[in-house]
Amino acid sequence: MKADIIVKGIIFNRNLGKILLIQRSENDPTGANTWENAGGNIEYGEIPEEAMIREITEETGITEITIERVAYVTLVNAEEPYLIIAYLCEAQAENVTLSNEHQAFIWADKDECRNMLPKTIIDDFEKHKIFEYIYGGT
C-alpha cells in the first residue's frame with residue numbers, strides 16, 4: 001500500500017491570539033464548505049517544510065511564515081490512504097488572499113476552532129495538545 005503525504009499548517013498569529021482557518025470552496029469535490037488548516041500535497045522533489053511554505057503562500061497569500069515544529073503526524077486510512085504532517089506555524093500577517101480552492105477565512109480562537117473544524121481534526125488537536133501548546137494550557 002502506498003500513501004500520499006500531505007502537509008498542513010496550524011498558523012497562529014500571536015498578536016491576534018488566533019489560528020487561521022480557511023473554508024473549502026462550495027464546489028470542491030472533497031469536503032465542500034468545510035473548514036480546515038492550509039496545506040496540500042508534497043510535490044516531487046520537495047521536502048515537507050518547502051511544501052508547507054508553498055501551500056500556505058498559494059492558499060492564503062501569506063509569504064512570511066515561521067515553521068515552529070511538527071505538531072503531529074497521522075495516517076488517514078481512506079480508500080486511498082494518506083499521511084498528514086501537521087506543522088505549528090506562526091505568521092504576523094492578518095490579511096489573507098485566498099486561492100480559488102477556498103471561499104472564506106477566519107482568525108479563530110480555540111472555541112471557534114472546536115466549533116468549526118471537523119471532529120477528526122479536533123480529535124488530533126486534543127490528542128496532541130495543540131491548544132495547550134499554543135495557549136499555554138488555558
*Can you sort out the partners of E94 under side chain to side chain donor-acceptor pair (under 3.5 Å), two or more places apart, ordered by chain and number?*
none

*Only counting residues at least two apart or in another chain, list the ones meeting side chain to side chain donor-acceptor pair (under 3.5 Å) with E112.*
none

*How close do A71 and L88 get, heavy atom to heavy atom, and via which atoms?*
CB-CG, 3.7 Å

_Test side-chain contact (heavy atoms from CB on, under 4.5 Å) on N37 and I19; report intermediate values, then the result._
CA-CA 9 Å; N37 304 104; I19 296 168; 4.1 Å; yes

Indicate yes or no: at least one non-hydrogen side-chain atom of [X] is less than 4.5 angstrom from one of [Y].
X: I130; Y: Y72; value: yes
X: D4; Y: L83; value: no
X: Y87; Y: E49; value: yes
X: F105; Y: L98; value: yes
X: C89; Y: T66; value: no
X: V76; Y: P81; value: no
X: I85; Y: V70; value: yes

_salt bridge (charged side-chain N to carboxylate O under 4.0 Å, His left out) against E58, all qualifying residues, sequence neighbours excluded_ = R54

*Contacts of R14 that satisfy salt bridge (charged side-chain N to carboxylate O under 4.0 Å, His left out) - sequence neighbours left out*: E90

When the side chains of residues 114-123 are checked against the rest of the protein, which donor-acceptor pairs come out under 3.5 Å, sequence neighbours left out?
{"unit_1": "R114", "atom_1": "NE", "unit_2": "E126", "atom_2": "OE2", "d": "2.8"}
{"unit_1": "R114", "atom_1": "NH2", "unit_2": "E126", "atom_2": "OE2", "d": "3.0"}
{"unit_1": "N115", "atom_1": "ND2", "unit_2": "D111", "atom_2": "O", "d": "3.3"}
{"unit_1": "K119", "atom_1": "NZ", "unit_2": "D123", "atom_2": "OD1", "d": "3.2"}
{"unit_1": "K119", "atom_1": "NZ", "unit_2": "D123", "atom_2": "OD2", "d": "2.8"}

Which side-chain N or O atoms in residues 22-32 pair as donor and acceptor under 3.5 Å with protein atoms at least two apart or in another chain?
{"unit_1": "Q23", "atom_1": "OE1", "unit_2": "Q103", "atom_2": "NE2", "d": "3.2"}
{"unit_1": "Q23", "atom_1": "NE2", "unit_2": "N33", "atom_2": "O", "d": "2.9"}
{"unit_1": "R24", "atom_1": "NE", "unit_2": "T30", "atom_2": "O", "d": "3.4"}
{"unit_1": "R24", "atom_1": "NE", "unit_2": "E36", "atom_2": "OE1", "d": "3.3"}
{"unit_1": "R24", "atom_1": "NH1", "unit_2": "D28", "atom_2": "OD2", "d": "2.6"}
{"unit_1": "R24", "atom_1": "NH1", "unit_2": "T30", "atom_2": "O", "d": "3.3"}
{"unit_1": "R24", "atom_1": "NH2", "unit_2": "E36", "atom_2": "OE1", "d": "3.3"}
{"unit_1": "S25", "atom_1": "OG", "unit_2": "N27", "atom_2": "N", "d": "3.4"}
{"unit_1": "S25", "atom_1": "OG", "unit_2": "N27", "atom_2": "OD1", "d": "2.5"}
{"unit_1": "D28", "atom_1": "OD1", "unit_2": "T30", "atom_2": "N", "d": "2.7"}

Hey, does the side chain of [X] reach the backbone of [Y] with a donor-acceptor pair shorter than 3.5 angstrom?
X: N13; Y: Q92; value: yes
X: E55; Y: M52; value: no
X: K18; Y: D109; value: no

*What is the distance from atom OH of Y82 to atom CG of N77, rounded to the nearest 0.5 Å?*
10.0 Å

*Inspect the surroundings of CG in N15 and state if more than 12 heavy atoms from other residues, nucleotides or ligands are less than 6.0 Å away.*
yes

_By side chain to side chain contact (heavy atoms under 4.5 Å, CB included) - contacts of T97 (at least two apart)_ = none

*Does A91 have any side chain to side chain contact (heavy atoms under 4.5 Å, CB included) partners at least two apart in sequence or in another chain, and if so, which?*
I11, I62, I65

*Can you check side-chain contact (heavy atoms from CB on, under 4.5 Å) on I67 and I53, steps first, answer last?*
CA-CA 8 Å; I67 297 176; I53 291 170; 3.9 Å; yes

*Residue pairs fulfilling ring pair (Phe, Tyr, Trp, His ring centres under 6.0 Å) with at least one residue in residues 44-71, sequence neighbours excluded*: none

_Pairs satisfying ring pair (Phe, Tyr, Trp, His ring centres under 6.0 Å), at least one member in residues 5-39, at least two apart_ = F12-Y135

_Those residues that, when tested against F125, pass ring-ring contact (aromatic ring centres under 6.0 Å, His included) (two or more places apart)_ = F131

*Any link between V73 and I47 through a network of hydrophobic side chains (Ile, Leu, Val, Met, Phe, Trp, Tyr) touching at under 4.5 Å?*
no

_Selection residues 62-73 - residue pairs positive for salt bridge (Lys or Arg N to Asp or Glu O under 4.0 Å), sequence neighbours left out_ = none

